[in-house]
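The sequence lines fix the lettering, A, B, ..., with proteins before strands; numbering per chain opens at 1. Just so you know, these numbers come straight off a predicted model, no measurement behind them. Below, each value reflects all heavy atoms present in this structure, side chains not excepted, and no hydrogens, waters or symmetry copies.
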Amino acid sequence: MAFLFPSEDWVARYGEAINANPEYRTGAADWTHGVVALVIGASPPRLPEEVCIWLDLDRGVCREAKLVTPAEGAKAPFCISGDYARWKQVIGKELDPIKGMMQGKLKLKGDLPTIVRAVKAAQELVNSATMVPTEFFDE
Amino acid sequence: VDVTALPITLDPAVREAGLGPMLTDLMQQNVEQHPERRADFDRLRGSVVVTATDAEVAVTMEFRDDGLYVHGGVQGRPDLQISTDSLSLLELTSAKLRLGLPDPFHPTGRKVLRKLGSGDLKLRGRGLVRKPLMLVRLTKLLSVAAD
């Protein structure tokens, strides 16, 4: 069964996928810097507004994964944002998240030295999304 | 005067690509957290090209008397060229340093040195010989390794 991206069900499965990813668990064992928000840009008409996925992360574990409003998401200390098409590429393994950041296709906000120290964890965090059976509204 | 505010100018096109802002944000935030590194920024002179090979993105960083200017692509004849894939580029900034260069006695430093040896990370340019401190200052400015 596939889950529609970015729905509440999809986000719940994404949280499970993060916790099931041993590479993430190992790479993020020292992560105590709080929430990472993933922002998916609006893609009208099916996604009329920006959507934000709130990931409460601590020491290699995702304690909570939920959809929040963009205003709530903006409070996260770290934020990775991109438009819907880019996230679709990431989930489809067509775009490596680190490469996407270098190309400006994904934007990173927050204390850069902290996230660069945890770059493998950041990569695995985003790569965990590729493990969720996903259905896209434009396919 | 805020000594941690670095005089950095990015070409408009560079602002949209990720590599240039990422490198300059890293320098800026590093200096905010380690104000003593401002001296390394002030003493850096010359041009450095950084290329993320897999992302096919390159920037030229020109360190002048009045600050750092960042241009897209390879401009002029750089003193120093650093090229590797995106992940290795970030790993380079995470490497533990000894005397301003990757520490061979630390796993993160050894990883970088191995990539240099295998050619996965390329360092070249006349600056390596003529301006040896340039690389040391640059790595200190970009380093996020814990002290």
Open item on the list: Side-chain heavy atoms nearer than 4.5 Å, only ILVMFWY residues, links allowed to pass through others: does that put B:Leu26 and B:Leu87 together?
Closed with: yes

Open item on the list: If you count every heavy atom of other residues, nucleotides or ligands that lies below 6.0 Å from A:Lys88 atom NZ, does the total exceed 12?
Closed with: yes

Open item on the list: Within a 6.0 Å radius of atom CD on A:Glu94, are there more than 12 heavy atoms belonging to other residues, nucleotides or ligands?
Closed with: yes

- [ ] Could you pull out the closest heavy-atom pair between A:Arg117 and B:Ser94, with the gap in Å?
- [x] CA-OG, 4.2 Å

Task: ILVMFWY network linking A:Val39 to A:Trp87, side-chain heavy atoms under 4.5 angstrom - done: no

- [ ] Working to the nearest 0.5 Å, report the span between CD1 of A:Ile98 and CD of B:Glu91.
- [x] 9.5 Å

Task: Flag side-chain contact, heavy atom, 4.5 Å: A:Lys107 against B:Glu16 - done: yes

TODO: Compare all side-chain heavy atoms of A:Lys99 with those of B:Val57 and state whether any distance is below 4.5 angstrom.
DONE: no

- [ ] Drop me the distance from B:Leu19's CG to A:Gln103's CD, to the nearest 0.5 angstrom.
- [x] 10.5 Å

TODO: Consider only side-chain heavy atoms of I, L, V, M, F, W and Y, link residues closer than 4.5 Å, and tell whether A:Ile80 and A:Val35 are in one cluster.
DONE: no

Open item on the list: Under 4.5 Å between side-chain heavy atoms, counting indirect links through other Ile/Leu/Val/Met/Phe/Trp/Tyr residues: same cluster for B:Phe105 and B:Leu99 or not?
Closed with: no

Task: Contact summary for B:Leu90 and A:Val119, nearest pair of heavy atoms - done: CD1-CG2, 3.5 Å

Task: Which portion of A:Asp111 sits near chain B, non-hydrogen atoms under 4.5 angstrom - done: both

TODO: Indicate, with yes or no, if B:Leu113 and B:Leu138 share a hydrophobic cluster defined by side-chain heavy-atom contacts under 4.5 Å among Ile, Leu, Val, Met, Phe, Trp and Tyr.
DONE: yes

TODO: Would you mind checking which part of B:Leu23 comes under 4.5 Å of any heavy atom in chain A, side chain (CB onward), backbone (N, CA, C, O), both or neither?
DONE: neither

Open item on the list: Show the nearest heavy-atom pair for residues A:Pro113 and B:Asn30, with the distance to one decimal.
Closed with: CG-OD1, 4.0 Å

Open item on the list: Counting neighbours of CD on A:Glu8 that are heavy atoms of other residues, nucleotides or ligands and sit closer than 6.0 Å, is the number greater than 12?
Closed with: no

Task: Which portion of B:Gln28 sits near chain A, non-hydrogen atoms under 4.5 angstrom - done: neither

- [ ] Output the distance between atom CG (B:Asp25) and atom NZ (A:Lys109), rounded to the nearest 0.5 Å.
- [x] 12.5 Å

